[in-house]
Chemist: 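Handing you this structure, nothing more for now.
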Amino acid sequence: MFTKLRTAILVSLLAVACSRGGGGGGGGGSSSGDITVSPQQQKPLVVEKTYYFYVVNRDKSTVSKCTIIQEKGLLKDCIATGGSFSDPIGITINGDYAYVTNNKKWSTSGTITMCQIEKTTGVFSNCKETPDGVVFNNIAAITNRNGYIYVTNYNGGVTKCAINSKTGTLSGCNFSPTSVKSIGIILANKYFYLTNYEKNIVEKCVINSDESIGVCSSTNFTFVKPNGIAIYNGLAYVAAEGDSKVYKCGIKADGTFENCSATGADNYYSPRSINIINGFAYVTSISSGEITICAVNANNSNLEDCKRFTDKNTFANFQEGTAYYVYTNAPTIAAATAYLSANTPNKVYACTIDLSNNSLKNCKETGSAFNGPTASIVNGSNLYVGNKNGASVTKCIIGTDNTLSNCSSIPINSFSDIHDIKIVNKYLYFTSYFDNKIGRCVFNEAAGNIEKCVKALDINHPDSIEFKDKKAYITSGDGAHKAFICDFDAATGAITKCNPSGSFKDGNSPTLIDIITTTSTKGTFSYIYIPNEGSFLTRCIISAAGDLSDCKDAESGIKSPYSVKYFNDKLYVLSRWSGKISACSINSATGLLSECNEVLKDTPPMGAGSKLHGFTLAVFNK
């Protein structure tokens with residue numbers, strides 16, 4: 001029998017994942033350091049992670065799998081894994097699948113091999129070439145984002161293929177010419193970055209509305225035969241084969257590079273690819289059969305303390321692309337369930353959260369007595385769901401199988417159009433959007449009752465509310481487009497003295513927010529994430545006094561974000577009009593995001609106009 005954690009795990013997903021490192025992904029940086037949230041979480045979610053590292057070997061047409069020693073960044077226990085490779089040159093990981101590009105000696109008949117990853121061991125199985133009948137012209141690098149695979153064609157151009165969320169297979173491959181002869185590709189924020197080996201530059205390419213590659217232009221720095229590229233902590237790292245160096249570059253707001261300089265070892269032996277994982281850089285070689293492993297200095301971001309690593313049994317000369325996979329296990333947790341609300345179809349769905357890859361799957365409709373469900377919150381064994389219509393909150397009991405039962409509608413006086421709902425101490429708060437009010441009810445945790453609902457604040461079109469220490473943070477939409485900072489008295493429940501943040505100036509329909517606190521070698525920082533449904537996701541720093549500063553694009557690259565939630569070292573970003581949820585890695589030192597991958601796998605069809613509003617989480621102990 002499962003034992004329920006009796007904690008207030010809110011719609012802003014104030015669950016804690018206090019483990020070191022970021023999540024799975026195939027080619028970019030991940031967060032480093034502990035990330036925690038919420039004074040309301042009484043017991044942290046214990047998560048254990050194993051990192052598997054992969055490198056493709058062209059000489060042997062093999063893939064080597066090694067385990068990463070996390071604290072030191074070193075590799076161990078390397079073995080050959082998988083099969084059906086033919087002159088492999090690139091690799092990326094999406095969910096539980098690996099995709100390896102087969103160059104076939106610079107031929108016009110290149111292919112992709114797809115392998116399933118066995119979670120507990122990291123080995124490849126069921127490897128096969130996919131998609132059927134599709135070949136590539138001098139195929140080279142590969143990466144993935146938001147449900148698509150992208151591969152570079154060295155003769156010029158990038159091919160985009162859709163990933164089937166259930167089977168991992170590829171389909172609908174479309175080619176976009178770019179005239180860039182690229183061996184490296186990565187996506188960051190608003191751009192693709194492609195290394196142009198022939199012209200000795202890195203090019204940035206616009207991401208079109210259909211997620212395809214658009215117009216490309218130079219990043220304004222000359223390299224000597226650039227190959228691999230990684231983005232980490234807001235910086236670009238470029239592996240240059242021509243002079244055997246790795247360059248570190250700043251990235252300006254327009255995507256171009258600045259202050260590029262060589263960093264790390266004097267000789268990387270004709271480097272081909274670079275990957276940065278948990279504060280360590282891994283640089284492959286096409287002449288030495290060794291990988292150079294360097295620590296990323298947390299203060300100046302330089303590569304330092306570089307060591308050579310080889311495995312005579314599996315490594316080969318002409319090492320090419322690298323990727324990594326994270327197996328996540330929560331030994332204290334029996335189940336984690338996300339509850340998604342969609343107010344147009346008037347339904348709530350329960351989805352299992354796969355902690356190993358952060359995906360939401362096996363989603364099914366549950367509960368009743370909803371009236372346009374919006375935000376929701378778990379407390380004890382109860383789920384509370386705000387309703388857009390009917391001036392009510394729906395209360396349901398969560399069963400041991402995570403389904404909802406005994407749902408009943410609780411009136412909240414004349415308030416309507418609830419957009420967000422939170423519980424702090426003995427009060428339940430909700431935003432009443434078109435009533436232009438914040439409501440506050442007395443919450444009896446022992447009985448699970450809500451009563452004595454009154455107006456706590458007048459404010460123009462409040463969308464979301466979040467609390468931290470002695471402050472309340474409220475987003476305001478429909479013409480106001482502001483983020484308010486208010487004084488908050490937890491003892492009395494009073495919210496007073498609300499003033500708009502002067503730093504939050506790029507608001508475009510700010511919606512459901514979340515707050516996290518991170519700890520890294522650079523210190524402890526608190527960040528608030530504010531989705532702007534009409535544009536992008538904003539990240540602001542919260543000072544010790546509660547003010548906001550340095551509000552900027554969080555670099556998720558996700559269009560029309562509506563709601564954000566933190567869980568299991570990831571920031572989940574929901575786009576309600578498309579019915580999609582992505583999970584992003586968080587840089588603990590900057591709060592910026594990377595490696596955003598779609599994780600909502602098999603929710604019943606919602607589609608455009610469904611108004612998927614938000615979700616909350618229930619966690620069960622073993």
Side-chain angles (χ1 to χ4, degrees), residues 7-15 38 40-41 338-343 346 348 367 369-380 382-396 398 404 407-445 448-457 459 461-468 472-477 486 488 490 493 495 511-515 531 562-566 574 576 611-618:
T7 58
I9 306 178
L10 307 186
V11 68
S12 57
L13 216 60
L14 298 180
S38 176
Q40 302 173 41
Q41 175 70 35
Y339 294 95
L340 284 73
S341 55
N343 55 48
N346 195 38
V348 170
F370 306 119
N371 197 347
T374 55
S376 59
I377 182 173
V378 172
N379 186 277
N382 298 320
L383 178 74
Y384 299 87
V385 183
N387 291 302
K388 181 177 176 60
N389 309 310
S392 66
V393 169
T394 299
K395 172 190 172 185
C396 300
I398 302 174
L404 304 178
C407 298
S408 60
S409 179
I410 303 174
I412 51 172
N413 293 336
S414 60
F415 298 104
S416 64
D417 196 24
I418 295 178
H419 274 213
D420 198 4
I421 181 172
K422 300 286 165 61
I423 293 175
V424 181
N425 296 333
K426 61 181 180 181
Y427 296 105
L428 180 145
Y429 297 84
F430 55 84
T431 60
S432 184
Y433 191 79
F434 281 115
D435 288 339
N436 300 312
K437 294 178 176 62
I438 301 292
R440 184 185 70 228
C441 307
V442 174
F443 177 68
N444 185 324
E445 183 176 18
N449 293 335
I450 302 171
E451 58 186 3
K452 299 178 181 178
C453 299
V454 298
K455 179 186 73 174
L457 187 71
I459 196 163
H461 294 309
D463 206 321
S464 184
I465 186 168
E466 186 59 274
F467 299 87
K468 184 180 186 303
Y473 299 85
I474 301 171
T475 56
S476 177
C486 311
F488 171 61
I495 303 173
T511 46
L512 302 186
I513 59 181
D514 198 8
I515 293 173
Y562 183 76
S563 177
V564 290
K565 291 90 184 162
Y566 176 79
L574 179 151
R576 68 170 175 168
K611 292 190 178 179
L612 181 63
H613 191 99
F615 66 94
T616 189
L617 177 76

Chemist: Answer yes or no: is there a side-chain heavy-atom contact under 4.5 Å between Ile474 and Leu457?
Modeler: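 The answer is yes, as the side chains (C-beta and beyond) meet within the 4.5 Å cut-off.
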Chemist: Could you pull out the closest heavy-atom pair between Ala490 and Asn425, with the gap in Å?
Modeler: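 What the structure gives for the nearest pair is CB-ND2, 3.3 Å.
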Chemist: Between Phe415 and Lys455, does a side chain to side chain contact (heavy atoms under 4.5 Å, CB included) hold up when you go through it step by step?
Modeler: CA-CA 9 Å; Phe415 298 104; Lys455 179 186 73 174; 4.2 Å; yes
Chemist: Locate the shortest heavy-atom distance separating Cys441 from Ile412; write the atom from each residue and the value.
Modeler: SG-CG2, 4.3 Å
Chemist: Would you compute the distance between atom CD1 of Ile418 and atom CG of Asn389 and round it to the nearest 0.5 angstrom?
Modeler: 10.5 Å
Chemist: Mind checking whether Leu512 and Asp463 have side chains closer than 4.5 Å, heavy atoms only?
Modeler: yes
Chemist: State, with a plain yes or no, whether a side-chain heavy atom of Thr475 is found less than 4.5 Å away from one of Thr511.
Modeler: no
Chemist: Among all residues two or more places apart in sequence or in another chain, which pass the salt bridge (charged side-chain N to carboxylate O under 4.0 Å, His left out) test with Lys426?
Modeler: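 With sequence neighbours excluded, Lys426 shows a salt bridge (charged side-chain N to carboxylate O under 4.0 Å, His left out) to no residue whatsoever.
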Chemist: Quick check: do Pro373 and Asn346 have side-chain heavy atoms less than 4.5 Å from each other?
Modeler: yes
Chemist: Report the C-alpha distance between Ser376 and Val348 in whole Å, list the side-chain angles of each, state the deciding distance to 0.1 Å, and finish with yes or no for side chain to side chain contact (heavy atoms under 4.5 Å, CB included).
Modeler: CA-CA 10 Å; Ser376 59; Val348 170; over 6 Å; no
Chemist: If you round to the nearest 0.5 Å, how far is NE2 of His461 from OH of Tyr433?
Modeler: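 Interatomic distance, Tyr433 OH to His461 NE2, rounded to 0.5 Å: 5.5 Å.
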Chemist: Determine whether Leu404 and Val385 satisfy the following criterion, side chain to side chain contact (heavy atoms under 4.5 Å, CB included), listing intermediate values before the conclusion.
Modeler: CA-CA 11 Å; Leu404 304 178; Val385 183; 5.7 Å; no
Chemist: Hey, are the side chains of Lys468 and Phe488 touching, using non-hydrogen atoms and a 4.5 Å cut-off?
Modeler: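 They are not in contact (no side-chain heavy atoms under 4.5 Å apart), so the answer is no.
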Chemist: Which atom pair, heavy atoms only, marks the closest approach of Ser341 to Ala375?
Modeler: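 For Ser341 and Ala375, the tightest heavy-atom pair comes out as OG-N, 4.3 Å.
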Chemist: How would you list, by chain and number, every residue that makes a ring-ring contact (aromatic ring centres under 6.0 Å, His included) with Tyr562, sequence neighbours excluded?
Modeler: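 Counting only residues at least two positions away or on another chain, Tyr562 forms a ring-ring contact (aromatic ring centres under 6.0 Å, His included) with His613.
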Chemist: Could you measure the distance from the CD1 atom of Ile450 to the OH atom of Tyr427? Nearest 0.5 Å is fine.
Modeler: 14.5 Å
Chemist: Write down the atom of Pro531, the atom of Val564, and the distance for their closest heavy-atom approach.
Modeler: CG-CG1, 3.9 Å
Chemist: Quick check: closest heavy atoms across Ser416 and Ser432, and the distance to 0.1 Å?
Modeler: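 Smallest heavy-atom distance, with atoms named: O-OG, 2.6 Å.
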Chemist: Taking side chain as C-beta onward, heavy atoms only, is Leu428 less than 4.5 Å from Lys422?
Modeler: no
Chemist: Quick one: NZ on Lys437 to CZ on Phe430, what's the gap to the nearest 0.5 Å?
Modeler: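 Answer rounded to 0.5 Å: 10.5 Å.
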Chemist: With no hydrogens and no angle check, is any side-chain donor or acceptor of Asp514 less than 3.5 Å from a backbone partner on Tyr566?
Modeler: yes
Chemist: Compare every heavy atom of Ser414 with every heavy atom of Ala391, then report the nearest pair and how far apart it is.
Modeler: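 Taking Ala391 first and Ser414 second, the nearest heavy atoms are CB-C, 4.2 Å.
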Chemist: Does the side chain of Ser464 reach to within under 4.5 Å of the side chain of Thr431, using non-hydrogen atoms?
Modeler: no
Chemist: Could you check whether any side-chain heavy atom of Ile398 comes within less than 4.5 Å of a side-chain heavy atom of Asn382, counting everything from C-beta outward?
Modeler: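 Counting from C-beta outward, Ile398 and Asn382 never come under 4.5 Å.
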Chemist: Less than 3.5 Å apart, any donor N or O on the side chain of Asn371 or Thr394 sitting next to an acceptor on the other?
Modeler: no
Chemist: Between CG of Asp417 and CZ of Phe434, what distance do you get to the nearest 0.5 Å?
Modeler: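 Reported to 0.5 Å precision, the distance equals 5.5 Å.
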Chemist: Calculate, to the nearest 0.5 Å, the distance between atoms CD1 and SG belonging to Ile465 and Cys486 respectively.
Modeler: 7.0 Å
